[in-house]
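Input: a single structure, listed below in structure tokens.
We use all heavy atoms of the structure for the numbers below, so side chains are in, but hydrogens, waters and symmetry mates are not. Here the structure is a predicted model, which means the values were calculated and not measured. The sequence lines fix the lettering, A, B, ..., with proteins before strands; numbering per chain opens at 1.
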Protein chains: 2
Amino acid sequence: MIRVLLAEDQAMVRGALVSLLGLEPDIEVVGEAASGPEAVAVAREVRPDVALLDIEMPGGDGITAAAMIREEVPDCRVVILTTFGRPGYLRRAMEAGAVAFLVKDSPASELAAAVRRVRRGERVIDPDLAAVALSAGPNPLSPRERDVLAAAADGSTVGDIAGRLHLSEGTVRNYLSSAIHKTHARNRIEAVRRARSQGWL
Amino acid sequence: MIRVLLAEDQAMVRGALVSLLGLEPDIEVVGEAASGPEAVAVAREVRPDVALLDIEMPGGDGITAAAMIREEVPDCRVVILTTFGRPGYLRRAMEAGAVAFLVKDSPASELAAAVRRVRRGERVIDPDLAAVALSAGPNPLSPRERDVLAAAADGSTVGDIAGRLHLSEGTVRNYLSSAIHKTHARNRIEAVRRARSQGWL
DNA sequence: GATCGACGGTGACATTTGTCAGATCCGCCG
DNA sequence: CGGCGGATCTGACAAATGTCACCGTCGATC
């Protein structure tokens, strides 16, 4: 029996995935969580064989949760389950110690299959996505550029961002400018979109 | 036996929801679709009692699909199932003839419950969301303002938008300016965010 | 028939944004 | 030690953005 923890913020989707896994005779969902920190807590408690973590969750993403679970429950294999197959996500997931990366676009049957494969010690990564992630290279944004771009994403003005990050307006403009350059964008909105689609934010 | 059509673009979520509904003895999933147009086609084919439609789908959203299904299969009750409980979505869903509006945040048990209730002729709408939708009022953006704002959402410049919509740059700026005003935003990025969060885009 | 709102436009203006050339620190690496 | 890159800043400049006032045409509505 493979003991699985499932972390996913949308209750209906979580319930549906539980029922999907429930169809498998050799898989048992022993814990559920709706946020990253909750997933870590539950993992510590139930010590599952496999943790299925969504990336897009409120209050700390699935990737940080993955790293913490690897540390606290070393025997637990971490599978990342995400809506978006972004290269940067895959890279960060691997660095956080995940052994599988599934996108929700793939057929439902993949889920149970992936759980079994990671339990046997295999890795499960979509080869196309892996190729894209490798060819795209790592995140070119410096930490500070990333911060500033993220702060600009919600429509804040340069002044707002400068205040929030305790920087001068000129510095903020400089970081934005270089982020725009590195993302091959023409303005901050495009830069934000490109960075997002690459999983750099 | 309640015959259900399920339209949802993410295959894994779709499969999971099918398995969830499969647990119910009185519910049978008789059709699946991954896009709006496909949902309409399948509905015409299988004539389900209830159609469960996701809003966020590629190639024509679930709301237009809802309207078309109502027209072509009048006996079919339409349930909208969405990630985001946006007031504007609810309003448009109701105008398109949907009888229920579910957010994926709600517990998995709500799904089967809603299917049964709409089959009995009831409507299923979260009271809180309904209150928000009513108090927020209708979409204040004129069709053209909406077009221009939508075109600005991906980081296009005024020139790009003007070209794409066959308008002068001045006109584009005017529409953007009034959209920014109506959304109480300070720039186009904020305007896009606000309009999105209200379901006006 | 007058009024109103949506549509489309012009021109001028102030503000914001994006770019560039520097400059200073600091830590790291050969 | 010297050099390099990251972080931070300044000042100046050009381009894009946002605002405003005002002009017309429609079609609907009172």
- prompt: Nearest 0.5 Å, what's the CD1-CD1 distance between B:I27 and B:I2?
  reply: 5.0 Å
- prompt: Among C:dG9, C:dT17, C:dC7, which nucleotide sits nearest the side chain of B:L167?
  reply: C:dG9
query: When you check the gap from the basic side-chain N to the acidic O, do A:D54 and A:R14 get nearer than 4.0 Å?
result: no
query: Nearest-Å distance, CD (A:E169) to C1' (D:dC9)?
result: 13 Å
query: Given C:dT19, is OP1 or OP2 found less than 4.0 Å from the side-chain N or O atoms of A:S177?
result: yes
field: C:dG8 OP1/OP2 closer than 4.0 Å to side-chain N/O of B:S168
entry: no
query: Quick one: B:I189 CD1 to D:dT17 P, roughly how many Å, whole number?
result: 10 Å
field: Nearest heavy atoms of A:V118 and A:A100, plus distance in Å
entry: CG1-CB, 3.7 Å
Under-4.0 Å side-chain N/O to phosphate OP1/OP2 contact, A:R144 with D:dG6: no
task: Using atom CD of B:E145 as one end and atom C1' of D:dT19 as the other, report the distance to the nearest whole Å.
output: 15 Å
message: From CG of A:N187 over to P of C:dT17, roughly how many Å is that when rounded to an integer?
response: 11 Å
query: D:dT19, C:dT17, D:dA7: which one has an atom nearest the side-chain heavy atoms of A:R188?
result: C:dT17
query: With a non-hydrogen cut-off below 4.0 angstrom, is B:N174 in contact with a base, only sugar-phosphate, or nothing?
result: base
task: In plain terms, say whether A:K104 and A:E8 are close enough for a salt bridge, that is, a side-chain N and a carboxylate O under 4.0 Å apart.
output: yes
message: Side-chain N or O of A:R173 versus OP1/OP2 of C:dT16: is the shortest distance under 4.0 Å?
response: no
- request: Would you mind classifying the nucleic acid contact of A:S142 as base, sugar-phosphate or nothing, using non-hydrogen atoms under 4.0 angstrom?
  value: sugar-phosphate
- line: In whole angstroms, the gap separating P of D:dG5 from CG of A:L141 amounts to 17 Å
- prompt: Could you give the CD1-to-C1' distance, from B:I161 to D:dA16, as a whole number of Å?
  reply: 12 Å
query: Do side-chain atoms of B:E190 reach the backbone of B:R186 as a donor and acceptor pair under 3.5 angstrom?
result: yes
message: Assuming nearest nucleotide by heavy-atom distance, tell me which of B:Y175 and A:H181 is located more 5' along DNA chain C.
response: B:Y175
query: Could you give the CD1-to-P distance, from A:I180 to D:dA16, as a whole number of Å?
result: 13 Å
message: In this structure, how many angstroms lie between the P atom of C:dG9 and the CG atom of B:L165, rounded?
response: 10 Å
- prompt: Would you say a side-chain N or O of A:T157 is under 4.0 Å from OP1 or OP2 of C:dT16?
  reply: no
query: Base, sugar-phosphate alone, or nothing: which one does A:R186 contact when heavy atoms must sit under 4.0 Å apart?
result: nothing
